[in-house]
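This report refers to the structure that appears directly beneath it.
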Amino acid sequence: MKEKFWLRVPVLLTYNVTQQYVWYDVTYGQGKAYIHIRAILDPVFGRHVPTTNEIRGLTFYTSNPAATVLEIGNTPIPAQLIQDNHSDGVHPSVAIKWWPVDTTNYAETAPGVK
């Protein structure tokens, strides 16, 4: 089921906090780089382990996206949420996919409006 518009409003605000205050580390093993997203160090609401929805849009430069594993703590993020990106002129990268496109015209479909 598609989320209601008013529940999606804070998406950019959440991304902004996440992008600015993400705490992560990188380990290497078995020919792969493991990016462990440990916490969001939110200056207002405090430190917490993020959900996958909170980290949508985060992007990490890597020399080899195919050999990079993104994790929350030590738990891999589902493959269907991972996106490998070609070089942007600096390096290739790996990202947690952004939200699906919402093309609903809320002026026509606002709840309670007839």
Self-check item: Check: His36 side chain, Asn74 main-chain N or O, donor-acceptor pair, under 3.5 Å
Solution: no
Quiz item: Under the ring-ring contact (aromatic ring centres under 6.0 Å, His included) rule, what pairs show up with a residue in residues 48-91, not counting sequence neighbours?
Solution: Tyr24-Phe60
Self-check item: From Thr68 atom OG1 to Ile82 atom CD1, the distance as rounded to the nearest 0.5 Å
Solution: 10.0 Å
Quiz item: Could you give the distance from OG1 (Thr52) to CG (Leu70), rounded to the nearest 0.5 Å?
Solution: 12.0 Å
[X] vs [Y] side-chain heavy atoms within contact, under 4.5 Å:
X	Y	answer
Thr18	Arg56	no
Val44	Val17	no
Thr59	Val94	no

Only pairs at least two apart or in different chains count here, so list each salt bridge (charged side-chain N to carboxylate O under 4.0 Å, His left out) that has a residue in [range].
range	answer
residues 24-34	Asp25-Arg38
residues 59-73	none
residues 78-90	none

Practice problem: Tell me, please, which residues at least two apart from Thr51 pass side-chain contact (heavy atoms from CB on, under 4.5 Å). | Solution: Asn53, Glu54
Please name the pair of heavy atoms, one in [X] and one in [Y], separated by the smallest distance, quoted to 0.1 Å.
X	Y	result
Trp23	Arg47	CZ3-NH2, 3.1 Å
Pro65	Pro92	CG-CB, 3.7 Å
Pro50	Ile40	CB-CG1, 3.7 Å
Gln19	Val22	O-CG1, 4.1 Å

Consider only side-chain heavy atoms of I, L, V, M, F, W and Y, link residues closer than 4.5 Å, and tell whether [X] and [Y] are in one cluster.
X	Y	value
Ile77	Tyr28	yes
Val69	Val26	no
Phe45	Leu41	no

Self-check item: Set of residues satisfying ring-ring contact (aromatic ring centres under 6.0 Å, His included) with respect to Tyr34, sequence neighbours excluded
Solution: none
Self-check item: Within 6.0 angstrom of Gln80 CD, more than 12 heavy atoms from elsewhere
Solution: yes
